[in-house]
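A quick write-up on the structure given underneath.
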There are 2 protein chains.
Amino acid sequence: MRSPELVSPATLSKVQKAVEALGYVPNPAAQALASARSRILGVVIPSLTNQIFADLVRGVMDGLENSGYTPQFVNTRYQLTGEEELLRIFATQRPAGVIVSGIDQSDRARQVLRQMGCPVVQVMETSPDPIDMIIGCDQRDAGRAAVRHLIEQGYRRIGFLGALMDPRAQRRLAGYRDVVSAAGLNDDARLIMTSPQPTSYTMGGQLMSDLLAQCPDVDAVFCNNDDVALGALFECQRRGISVPARMGIVGFNDLDVAACSVPTLTSVRTHRYQTGLQAVQMILTRLENLPDHPRNVDAGYQLMPRQSTERMIAL
Amino acid sequence: MRSPELVSPATLSKVQKAVEALGYVPNPAAQALASARSRILGVVIPSLTNQIFADLVRGVMDGLENSGYTPQFVNTRYQLTGEEELLRIFATQRPAGVIVSGIDQSDRARQVLRQMGCPVVQVMETSPDPIDMIIGCDQRDAGRAAVRHLIEQGYRRIGFLGALMDPRAQRRLAGYRDVVSAAGLNDDARLIMTSPQPTSYTMGGQLMSDLLAQCPDVDAVFCNNDDVALGALFECQRRGISVPARMGIVGFNDLDVAACSVPTLTSVRTHRYQTGLQAVQMILTRLENLPDHPRNVDAGYQLMPRQSTERMIAL
DNA sequence: CTGTTAGCGCGTTCAA
DNA sequence: TTGAACGCGCTAACAG
């Protein structure tokens, strides 16, 4: 059954009939035990709830459809501590492959991943030096594009709003710093407002509120993500601050809501579903020894200019 | 190791030292094979992406924390067809327990679940006749509460907006019908607008738009869920229809965004995280033969009145 | 191409 | 209380 091409047609059809008649379904535990290889694909991500990872997960599940492999989600809860231990335990299951979020693994975690003896794909970021394979986008560069857009639209006192500053958010902040510094518009102590708490609409409103208190003349914000951006937009509406005329807002990720809020929200689109899908394909290709496949993929990003930064027209 | 109380203290400590020294970690495949029981908890849901199920999943994962069990997600994609087949294949893994969404399983699927030989919990709804155990809320009754609230606020031409009418949405619609009919306010042909497409903010705007075209004098809408409600709110803003004065809006689920939009959104809170958490506890309790635990739990709901239906004040 | 056989690492049973 | 032996259902390797 594992290699039908090595069997005579007659035997094959007999086998198929028997499978049918008995309702035979393989026992995955026995397969794993005998072959020292499971049909499990480990997916190590900080959160299943966050919309961003939910999209990735959807790509992974669709990519695995009818492949015979099953995803198993390992939730790191944004804590790098313990990641190595989680991976070590997971390694005993001898997974067929591993997808892991980001590039900030500890040295020991990288070690464990390398010794896992299966394909490993890092996702959501780019790196010249992946553990094995990688697909994602350059967060810092994407951050730069967002801020550059604000400057082009004529904004000058540009703030940064960020909740739960995970490594990717840190890199977007670095991109923000690159551009405002180059333009001589930097004022970190007053223009940057972050919180260690998780992302939410409510948190976006809070951050906007805090930033306005600290720096009343801010005229635009680059937000960590769309949740924060929408919360900030609502806060402006509550205070009668007109967007985009008096305040420009750029989000990140381009969730569905960005295209339909009032005003619509400028954002940076990231290709999360595609990333999940292709990460799976990279692994399956390797497992089946198919002709070479790219091992280091830049999934790119796309600035989506919308009303929340249309200052020219709004003035 | 499985029953330390039957072993002399001396041997126990020797075993523990050996475990330490060898870095021993049990092999789940071998455990499953030998015992004909895996430590896998099946979670059968229509979607991982939908915020509603993401919250449930978070409860499940938190409930499983340090229990030694692992969740395995089976995605039905809202298709009842094939559910039975999925379950049958899943049954070969001999899961420790199963959590399954809703109460609309086919007779054969119910059959398969009953023969699974492990605890089964249906979630998200109530029923006097569960397959085994159940926890959730009465969707129809919750729908009634939402519409009753609109009537109390003085709205009279009350519409219903729904995307992807899954069985739960159908029951909320039934609740809507109960109340508008009892009040003599029903006009199904003109006041109900649904779409088979998935829920999204954009879809909410579309549905609102279609409803206004079909029934221009509608003065309030009960929306299938908060995504649709927020999309509808944005559509009203785009058209200059004032909410709540000219149009009342009630959502469903009470997502984070409902409390912070402008105006804030009246919604019906459902306890999804708690439901996931407790569903797991019901299963673990049974597996450990602990003293009896409730088998049929009504998780309830809570109307959250907010600005989007404050007609009294707005007038 | 086909049939046979030895473990994979553990739970379970039985004897000591 | 401990130790030894068997077999879960399959893969892989080998001999026919």
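As the structure is a prediction and not an experimental result, all values here were calculated from the model. First the proteins, then the strands, lettered A, B, ... as listed; each starts at 1.
Looking only at side-chain heavy atoms (C-beta outward), P130(A) and R295(A) stay at 4.5 Å or farther from each other.
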Strictly under 3.5 Å: I want the nitrogen or oxygen pairs between protein and nucleotides 2-4 of chain C, one per line.
| from | atom 1 | to | atom 2 | distance (Å) |
| --- | --- | --- | --- | --- |
| dT2(C) | OP1 | S8(A) | OG | 2.6 |
| dT2(C) | OP1 | T11(A) | OG1 | 2.6 |
| dT2(C) | OP2 | S8(A) | N | 3.0 |
| dT2(C) | OP2 | S8(A) | OG | 3.4 |
| dT2(C) | OP2 | T11(A) | OG1 | 3.2 |

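Atom CD of E20(B) has 12 or fewer neighbouring heavy atoms from other residues, nucleotides or ligands inside a 6.0 Å radius.
Summary of helix geometry: the two end axes of the helix from dC1(C)-dG16(D) to dC14(C)-dG3(D), each defined by five base pairs via their C1' atoms, are inclined to each other by 40° (rounded to 10°).
The side-chain contact (heavy atoms from CB on, under 4.5 Å) test with I99(A) is passed by exactly one of V74(A), V120(A), V123(A): V123(A).
Under the side-chain contact (heavy atoms from CB on, under 4.5 Å) criterion, V19(B) pairs with M1(B), V15(B), Y24(B), not counting sequence neighbours.
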Tell me, for nucleotides 10-16 of chain C in 5' to 3' order, what letter each nucleotide earns: B for a base near a protein heavy atom under 4.0 Å, S for only sugar-phosphate near one, - for neither?
BS-----
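Using a 4.0 Å cut-off between a side-chain N of Lys or Arg and a carboxylate O of Asp or Glu, E83(A) and R88(A) do not qualify as a salt bridge. Remark: D62(B) engages R77(A) in a salt bridge, criterion side-chain N to carboxylate O under 4.0 Å.
One interatomic measurement links the two molecules: NZ of K14(B) to P of dT1(D), which rounds to 15 Å at whole-angstrom precision. Following rounding to the nearest Å, R37(B) (CZ) and dC8(D) (C1') show an atom-to-atom distance of 14 Å. The separation between L33(B) atom CG and dC8(D) atom P is 9 Å, rounded to whole Å. Straight-line distance from the CD atom of Q93(B) to the C1' atom of dC8(D): 16 Å, rounded to whole Å.
Of all non-hydrogen atoms in T270(B) and R272(B), the two that sit nearest each other are OG1-NH1, 2.9 Å. Counting all heavy atoms, side chain and backbone alike, P294(A) lies closest to M282(A) at O-CE, 3.5 Å.
For the side chain to side chain donor-acceptor pair (under 3.5 Å) condition, the pairs that include at least one residue of residues 106-129 of chain B, sequence neighbours left out, are E84(B)-R108(B), Q105(B)-Q122(B), E125(B)-R168(B), E125(B)-R171(B).
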Contacts table for residues 36-48 of chain A: side-chain donor-acceptor under 3.5 angstrom, sequence neighbours left out:
| from | atom 1 | to | atom 2 | distance (Å) |
| --- | --- | --- | --- | --- |
| R37(A) | NH1 | R94(A) | O | 3.2 |
| R37(A) | NH1 | P95(A) | O | 2.9 |
| R37(A) | NH2 | G117(A) | O | 2.7 |
| S38(A) | OG | I40(A) | N | 3.2 |
| S38(A) | OG | Q93(A) | O | 3.2 |
| S38(A) | OG | R94(A) | O | 3.1 |
| S47(A) | OG | T49(A) | N | 3.1 |
| S47(A) | OG | N50(A) | N | 3.0 |

